[in-house]
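When reading the values below, keep in mind they use all heavy atoms of this one structure, side chains included, and skip hydrogens, waters and symmetry mates. In what follows, residues are counted from 1 in the order of the sequence shown.
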Amino acid sequence: MPRLTADHEACQGYGNCITGAPDVYDIDDDGVVVLLRDEIPESDRARVEEAARSCPVSALAVED
């Protein structure tokens, strides 16, 4: 099952990821990404990867 990773130090709180996958990503009160899940089903992979790619600072990844 694909795993999600986030570079919390790189995150600048743009929130682009939330637009594409609000059930997977959120932003905390400090403006840093929060992973709502660590793993995703393969059926959600394309949508979640697209949301990760929308991060302007490349703080998100989907790994096998």
Salt-bridge contact R47-E50 (side-chain N to carboxylate O under 4.0 Å): no
Which heavy atom of S54 sits nearest a heavy atom of C17, and at what distance? OG-N, 3.7 Å
Under the side-chain contact (heavy atoms from CB on, under 4.5 Å) criterion, do L35 and L4 qualify, and how do the steps go? CA-CA 8 Å; L35 298 178; L4 305 175; 4.1 Å; yes
For a quick test of reading the model, state the closest non-hydrogen atom pair linking P56 to N16 and the distance between them. CD-ND2, 3.7 Å
Shortest non-hydrogen contact from I18 to Y25? CG1-O, 3.7 Å
Do V24 and I27 share a hydrophobic cluster (ILVMFWY, side-chain heavy atoms under 4.5 Å, transitive)? yes
Counting only heavy atoms not in E42, do more than 12 sit closer than 6.0 Å to its CD atom? yes
What closest approach, in Å, do I40 and R45 show between heavy atoms, and which atom pair accounts for it? CD1-CA, 3.7 Å
Does the side-chain contact (heavy atoms from CB on, under 4.5 Å) test come out yes or no for D7 and T5, once each step is laid out? CA-CA 7 Å; D7 182 343; T5 62; over 6 Å; no
How would you list, by chain and number, every residue that makes a side chain to side chain contact (heavy atoms under 4.5 Å, CB included) with V57, sequence neighbours excluded? Q12, Y14, C55, A59
Would you confirm whether D30, through its side chain, and V32, through its main-chain N or O, come within 3.5 Å as a donor-acceptor pair? no
Please round to the nearest 0.5 Å and tell me the distance separating atom CD of E49 and atom CG of D44. 11.0 Å
Under a 4.0 Å N-O cut-off, is there an ion pair linking E63 with R3? no
Nearest non-hydrogen partners of A52 and A61, listed with the distance: CB-N, 4.4 Å
